[in-house]
Amino acid sequence: MGINELRIPGMDRTIGEYRQEWWDALQQSKYQRKLVLVTVSIALLLDNMLYMVIVPIIPDYLRVIGAWDTHEVNRPPINQKIVNKIVHNSTGDYRVTMINRTTKINVNGILIEYEGEDSGIGLLFASKAAVQIFVNPLSGYIIDRIGYDLPMMFGLTIMFFSTLLFAVGSSYNVLFFARSLQGVGSAFADTGGLSMIADRYTEEEERTKALGIALAFISFGCLVAPPFGGFLYEFCGKAVPFVILALICLFDGFLLLLIMRPMKAKEADEGKEKPIATPIWKLLIDPHIACCAGALVVANICLAFLEPTISKWMNETMDAEEWQQGLIWLPAFFPHVAGVVLTVQMAKNYPEWQWFLAMCGLALEGISCFFLPFSANYFVLMLPICVICFGIALIDTALLPTLGFIVDKKYTAVYGSVYAIADISYCAAYAFGPVVAGWIVENWGFTTLNIIVACISLAYAPIIYYLKGMHSYKKYEDSGTEENVLMGDPPTKEYQTYHLQEGKPAQNGSMPGGQAEYYEQVSQQETELHYEEQAPSANPFRAAQGANPFRR
């Protein structure tokens, strides 16, 4: 007796019958779309948790393994603000002294400085986004040609091995390689996942809702990962958080396998052929897509600049503890979800106003950045950060579906390249943000950094107005597609044709009888296709027979 014939205790059916019922359910489009959304959301959650979970782990771990060279500082500089704090970890208790914006450790009365620590950590953090920028055009090209599921599975596999490499890595070079490898996996997994959602949810309202749910998982992963990683690193060791994330990645790959087989079987039964995709270079020069991509870059510049700099600023101005520096972002999850819900509801009732929501979100980010450096305490600082995350939710939830809508309206409905462009926009902000922000803070200060970000956001916000007419865009309004409409197939509706024979002149001289005598009687042949008798029409060609001046 095979396994399919076994009966589950307490059930009337065999395992084979349950498997067949499950397989039949997966053939239905409704269940396929739900499973696609769950799988993609978990993949995006995992990717962003991997991106942020190292924030509380890597700086301390690199010191523990001796990744940096150290030297003794004889005495602190004059006229500099000095902040002393006590740090507890598994190797002992240390007094941390902040001098000249550089962290120095006081060990038994000797001041020790780590050489190249800030630049090394910044380079490690930015390597993932930098690699992802260069891989995204390739991933978009491959996804457009072979489909969404196989590249996404490849991306999840790469992310699984890079996560395990983080768990076992014990040197800076190994961790740097693992971080860069994660960028390769993310380029395929993120782009393939977003493209799969756009392909399965074809209605604009449903697509906006599905992408909004996926964005909520992105936000949750970014905000929960630092406390998650810090807690497990403190009490369970470095490897535990990465092993847990690797297991989540393995589970998500199993869910993707459940999608791939029914999708392939259904496409084979229907004989579905993949349409020819639009090249990514052509999408990049499209003004509407370029406008959306620029808005996504500017929107994420704010977080990309703040995340690596706000901790030191809080330490210097508020004497904030490490747990406060990590938890300052956690309350922002709720306004981010509120922004997603608001945008989805607005898309349902007023789909033509998505551009306005994105413009308002960018303006809110800019205004909040003006007020952020003047926050006097920890709880006041939460307010501008919450507003910033609310604005980012408005922008992302409005513009990601808009990118798919633009491709539907102007190009072939294949979404790999356009969402590769969106992923490049995100990565551009996070690849260069930490480096540029650190340089600005070091030379001009944290307040100047926020004023620059605010000015950029407020200056770009009016440009989004260019997307206003996109919702009413028609293909025949584009000069490149007009001839395709004119030379296309004939109309399928019922119509009439009239064949007029050219009249011959009655005489070549004057016209004594007037115009009616100048031409011989014109014969008219009327051909009707699928025509039934109807009431008299206002069409002059359907007027009564006696009303035609050429009929006598």
[X] (side chain) donor-acceptor with [Y] (main chain) under 3.5 angstrom:
X	Y	result
Ser186	Gly183	no
Asn450	Phe446	yes
Ser375	Leu372	yes
Thr208	Ala347	no
Asn300	Leu296	yes
Asn443	Trp439	yes
Asn136	Gln132	yes
Asp144	Ser417	yes
Ser127	Leu124	yes
Lys238	Tyr233	no

Rounded to the nearest 0.5 Å, what separation is found between the [atom1] atom of [X] and the [atom2] atom of [Y]?
X	Y	atom1	atom2	value
Leu364	Cys302	CG	SG	11.5 Å
Cys291	Leu399	SG	CG	8.0 Å
Gln182	Lys128	CD	NZ	5.5 Å
Ile280	Lys282	CD1	NZ	14.0 Å
Ile289	Ile421	CD1	CD1	5.5 Å

Is the shortest heavy-atom distance from the side chain of [X] to the side chain of [Y] under 4.5 Å?
X	Y	answer
Val453	Ser457	yes
Thr402	Trp355	no
Leu306	Ile385	no
Tyr415	Ile197	no
Ile54	Leu175	no
Tyr426	Ile218	no

Minimum heavy-atom separation for [X] and [Y], please, with both atom names.
X	Y	result
Asn48	Ala225	O-CB, 4.5 Å
Thr191	Ala420	CG2-N, 3.5 Å
Tyr419	Ala198	CE1-CB, 3.6 Å
Ala299	Ile395	CB-CD1, 3.5 Å
Leu50	Arg179	O-NH1, 3.4 Å

Residue pairs passing the side-chain hydrogen bond (donor to acceptor under 3.5 Å, both in side chains) test with at least one member in residues 356-371, sequence neighbours excluded, are none
Pairs meeting criterion ring-ring contact (aromatic ring centres under 6.0 Å, His included) with involvement of residues 194-228, two or more places apart: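 ring-ring contact (aromatic ring centres under 6.0 Å, His included) check on residues 194-228 returns Phe220-Phe333.
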Donor + acceptor pair across side chains of His288, Lys409 (<3.5 Å):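 Judged by distance alone, the side chains do not pair up.
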Looking at Phe160, Phe188, Phe161, which one forms a ring pair (Phe, Tyr, Trp, His ring centres under 6.0 Å) with Phe154?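 With Phe154 as partner, Phe160, Phe188, Phe161 yield a single ring pair (Phe, Tyr, Trp, His ring centres under 6.0 Å), made by Phe188.
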Is the Tyr430 to Tyr51 ring centre distance short of 6.0 Å?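 Tyr430 vs Tyr51: aromatic centres under 6.0 Å.
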